[in-house]
2 protein chains.
Amino acid sequence: MTIQHSATACLARAPLFSSLDLETLISLVPASKHRQLFPRGSFIKQPFDNNDGMFVLDQGSAKVYSVSDTGKEKILYMMKPGDITGQETLFSVRKTDYFIEALEDSYVCSVSHRAFQQLLQKSPALCLKLLNTFGDKLVAVEQNSIRRDTLLAKDRVLSYLKDKLDSSTSSTFQLPVKKKELASFLGLSPETLSRQLKALQKDGEITVSGRNITFTTPRY
Amino acid sequence: MTIQHSATACLARAPLFSSLDLETLISLVPASKHRQLFPRGSFIKQPFDNNDGMFVLDQGSAKVYSVSDTGKEKILYMMKPGDITGQETLFSVRKTDYFIEALEDSYVCSVSHRAFQQLLQKSPALCLKLLNTFGDKLVAVEQNSIRRDTLLAKDRVLSYLKDKLDSSTSSTFQLPVKKKELASFLGLSPETLSRQLKALQKDGEITVSGRNITFTTPRY
DNA sequence: TTGCCTTCTTGAGATAGATCAATTTTTTAA
DNA sequence: TTAAAAAATTGATCTATCTCAAGAAGGCAA
């Protein structure tokens, strides 16, 4: 039985858990749900769910967002395989009035908070790793918040794309979500995003083809 | 020698460290700078500082902000006594291109990252507590980000004030910073904040007197 | 207390981006 | 493969908020 097919595989594939030894992983199995399928468009989590778990996205993609009274949707995170969510409610009870929606057919594992807390007590290494995960998330949200409030639409888009470029091996990469959703993430209307991408093309900065972005003049 | 006057007092007053035993606190003293005075307007931290520490604000107040190329300032956090900053760079090296500026004469203690990391390894309780701190911070930034992108100016101000009301014992409370700074935090121009506060007064929601806000009809 | 300096307010005008509506393009599913 | 649905684009208009400018009010130092 290889790790790929074992009940622990899903957890082991998440960076947060990847350094745990097999025995520890196995100890988590009874407290976890294994690779549930969430079809595209279904909710992995809704506000007021009995949210007693941490979610690990094993396969697929998802968006984490909040909806205002007026119906406006704001995307906070876009999840890719290996990403984790639900840490916010690990310790204190917090209102987490956001949705997690599968953007494609996705597989999700979850670990109960209780089990995870117990594991944290025993494993300082895991705690440090989670601290790191939090730190990354915090920096990402701060970054987006700064971008939102200090840059005009065009530069905001460019700034986002450059970040993507930095974490890509080639000068071409794919947007992780539909443009409509990217717009929400960047605090723009879809129309404005479309226009700004066009403007950036006219400036000769990028080439856009569907979800594929190519930087014409790699900076640095 | 009471705890108030000892070299460990500053750390002990911060919630993050408050549950540590005295012996552990004392072990941190050699790796920390004790209660440095930062006069109003001075920088506790600047981008590209040799930022090798975690800061604990013992007395006073400070703003954490970033400045864009175009000179626009965005306030991410407003620090009050007991608050901590600098965790972002605890583990990985991250660009922390923000300023921390004392808003009044402030006293700050700092602990070197190295010493803090070592302590974290030894104290799972501290690690869990820090995790909690991170979680609070994350939720706060997320909240503000959602507010920014889903609400009109007036409701954004009201939403902020209601949060403040919730964490206040009376229906009157004081804004933690100048209105100019609050505006930046909320993603507004000072003029717009001024006008919206006036509008909320006309609506009969609040009374404003300088930095003092009184809710006329306490909700809930 | 006086005067200076900063913060806050108020008004008028400018504008970035939103909204609305109509196509076009792409994706999905039958 | 094709029809239907969803996403993206484009144009025209609208508006919430910013910017600029001037004045009022508040705080601090001498």
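All chains are named by letter (A, B, ...) in the order of the sequence lines, taking the proteins before the strands, and each is independently numbered beginning at 1.
When the C1' atoms of four end pairs are superposed on the next four at each end of the helix from C:dA14-D:dT17 to C:dA30-D:dT1, using five pairs per end, the two resulting axes differ in direction by 30°, to 10°.
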Report task. Could you walk me through whether A:Lys63 and A:Glu73 pass the salt bridge (charged side-chain N to carboxylate O under 4.0 Å, His left out) test, one step at a time? Result -> CA-CA 11 Å; A:Lys63 59 175 173 176; A:Glu73 168 180 325; 3.0 Å; yes
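Considering only the side chain of B:Leu188, D:dC18 comes nearest among D:dA8, D:dC18, D:dA16. Side-chain proximity of B:Ser189 to the nucleotides D:dT19, C:dG17, D:dT9 is greatest for D:dT19. Here the nucleotide nearest the side chain of B:Thr192, chosen from D:dT17, C:dA16, D:dA8, is D:dT17. Proximity note for B:Ser194 (side chain, C-beta onward) versus D:dT17, D:dT10, C:dT10: the nearest is C:dT10.
Contact annotation for A:Arg156: backbone-only contact, meaning every heavy-atom pair under 4.0 Å involves sugar-phosphate atoms and none involves a base. Within the 4.0 angstrom heavy-atom criterion, no nucleotide atom of any strand lies near A:Gly41.
Under the 30°/60° scheme for interplanar angles, the aromatic rings of B:Phe116 and B:Phe17 are found to stand perpendicular. Using cut-offs of 30° and 60° on the angle between ring planes, the pair B:Tyr160 and B:Phe185 is perpendicular.
One atom, CD of B:Gln196, and another, P of C:dC8, lie 16 Å apart when rounded to the nearest Å. What separates CG of B:Leu197 from P of C:dT10 is a distance of 11 Å, to the nearest Å. A:Leu151 has its CG atom 15 Å from the C1' atom of C:dG17, to the nearest Å. Taking atom CG of residue A:Leu193 and atom C1' of nucleotide D:dA8, one finds them 10 Å apart after rounding to whole Å. Rounded to an integer number of Å, the gap from A:Leu152 CG to D:dC18 P is 12 Å. Atom-to-atom, CG of B:Leu182 to P of C:dT9 comes out at 11 Å; the value is rounded to the nearest Å. In this structure, A:Arg148 places its CZ atom 11 Å from C1' of D:dT17, rounding to the nearest Å. Distance, B:Glu73 CD to D:dT19 P: 13 Å, rounded to whole Å.
Regarding contacts with the backbone of D:dA7, a side-chain N or O of A:Lys178 is found under 4.0 angstrom from either OP1 or OP2. When the side-chain nitrogen and oxygen atoms of A:Lys180 are compared with OP1 and OP2 of D:dA7, one or more of them lie within a distance under 4.0 Å. OP1 or OP2 of C:dA16 has not a single side-chain nitrogen or oxygen of A:Lys154 nearer than 4.0 Å.
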Requested in this report: For each nucleotide in nucleotides 20-30 of chain D, reading 5' to 3', give B when a protein heavy atom comes within less than 4.0 Å of its base, S when such contact involves only the sugar-phosphate, and - otherwise.
Outcome: BB---------
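The shortest non-hydrogen separation linking A:Asp149 to B:Ser184 is OD2-O, 4.2 Å.
The OG1 atom of A:Thr207 lies 6.0 Å from the CD atom of A:Gln201; values are rounded to the nearest 0.5 Å. With values rounded to the nearest 0.5 angstrom, B:Ile84 atom CD1 is found 8.0 Å from B:Met79 atom CE. To the nearest 0.5 Å, the span separating CG on A:Asp203 from OG1 on A:Thr216 amounts to 9.5 Å.
Considering B:Glu181, B:Lys74, B:Glu101 in turn, B:Glu101 is the only one that fulfils the side chain to side chain donor-acceptor pair (under 3.5 Å) rule with B:Tyr65.
Remark: the backbone N or O of A:Ile146 is paired with a side-chain donor or acceptor of A:Thr150 at under 3.5 angstrom.
Donor-acceptor pairing under 3.5 Å is lacking for the side chains of A:Thr172 and A:Ser170.
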